[in-house]
Amino acid sequence: MARNTIEAGENIPKHIAMIMDGNGRWAKKRLMPRSFGHKMGMERMIGLMEHAFDLGVDYVTVYALSTENLKRPKEELDGLFDLIRNHFAQYMERVCARGVRLRILGDTSLLPKDVQKILVESEEKTAAYEGKGINVALGYGARAEIVRAANLAVEKGERLTEESFSGLLYTGGQPDPDLVIRTGKEVRLSNFLLYQAAYAELYFTDKMFPEFSDKDLEEAFKWYACRVRRFGKTDEQL
Ligand code: IPE
Ligand code: IPE
Ligand code: MG
């Protein structure tokens, strides 16, 4: 009989990363402004994070704003920053209350000063937690992250290994993502976690982010549970 539930701990990815795409199209279809799509997307993001932790995930990384997104119209960016100003701290407090550490990935100096302050304060509140984490990528671009890490190594005059290099990335010290989920129909990575996702399973769905339900997340986990992760080996070697 086909199973339609997924149990906590059952070949669950330890680290999931989500490209939360489709907010604007979702809103447009409902004749609503893009900002409404972003608001609903942010609420969905919190719900999905909680569900993921309930199912046994340890790390959730979400792509909230790319370096490229910073070229969007000022009005849209202001709407996104207002969402952070009005809701971010409270939402993060709710999810992190279960002992989850928050990390912001990206060049936050590209964001307004008052927004930077909110992000730093939210991170600090969770600084004592370890083992579980939320990464929110804001002003993030994987290429910029890699170049930054390379420059840090040059400054230290260090020769790098794969391990020491990954330690210099924003995600330093965390396990690599096992599963990358992209909503919104596009099949691309859009400059997200290019180094860390080298061996991630990639799951693409036509669902727009605000309509990606807890059940849809479970579907993605079921799909993940059926993947054979060979890491270059043969089936016989596993
Ligand atoms: C993703 O949704 C959220 C951000 C990039 C901030 P979009 O805003 O890209 O939504 P679409 O792709 O236009 O539907
Ligand atoms: C990717 O979505 C970035 C985020 C979800 C934050 P985009 O909507 O910016 O991606 P492209 O432009 O379609 O590649
Ligand atoms: Mg998009």
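Computed from a predicted model, the values in this text were never measured in an experiment. Every number for a ligand or one of its atoms is a count from 1 in the order of the listing.
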Do [X] and [Y] sit within salt-bridge range, that is, some charged N less than 4.0 Å from a carboxylate O?
X    : Y    : result
R148 : E145 : no
D21  : R188 : no
R103 : E123 : no
D54  : R98  : yes
E43  : K39  : yes

Run the numbers for me: atoms of ligand 1, each under 4.0 Å from some heavy atom of H38, listed by number. 3 (C), 6 (C), 8 (O)
Applying a strict 4.0 Å limit to heavy atoms, is K28 in contact with ligand 1? no
Measure from the Mg ion (ligand 3) to every N/O/S atom of D21 and report the name of the nearest one. OD1
Metal check, the Mg ion (ligand 3) vs E186 N/O/S, cut-off below 2.8 Å: no
Does some side-chain heavy atom of Y140 sit less than 4.5 Å from a side-chain heavy atom of S66? no
Heavy-atom contacts with ligand 2 below 4.0 Å: which residues, ordered by chain and residue number? I19, M20, D21, Y63, A64, L65, N69, R72, R182, R188, S190
Go through the steps to decide whether W26 and F209 satisfy the test ring-ring contact (aromatic ring centres under 6.0 Å, His included), and finish with yes or no. CA-CA 8 Å; W26 179 86; F209 190 70; over 10 Å; no
Under 3.5 Å donor-acceptor, N191 side chain and R143 backbone: yes
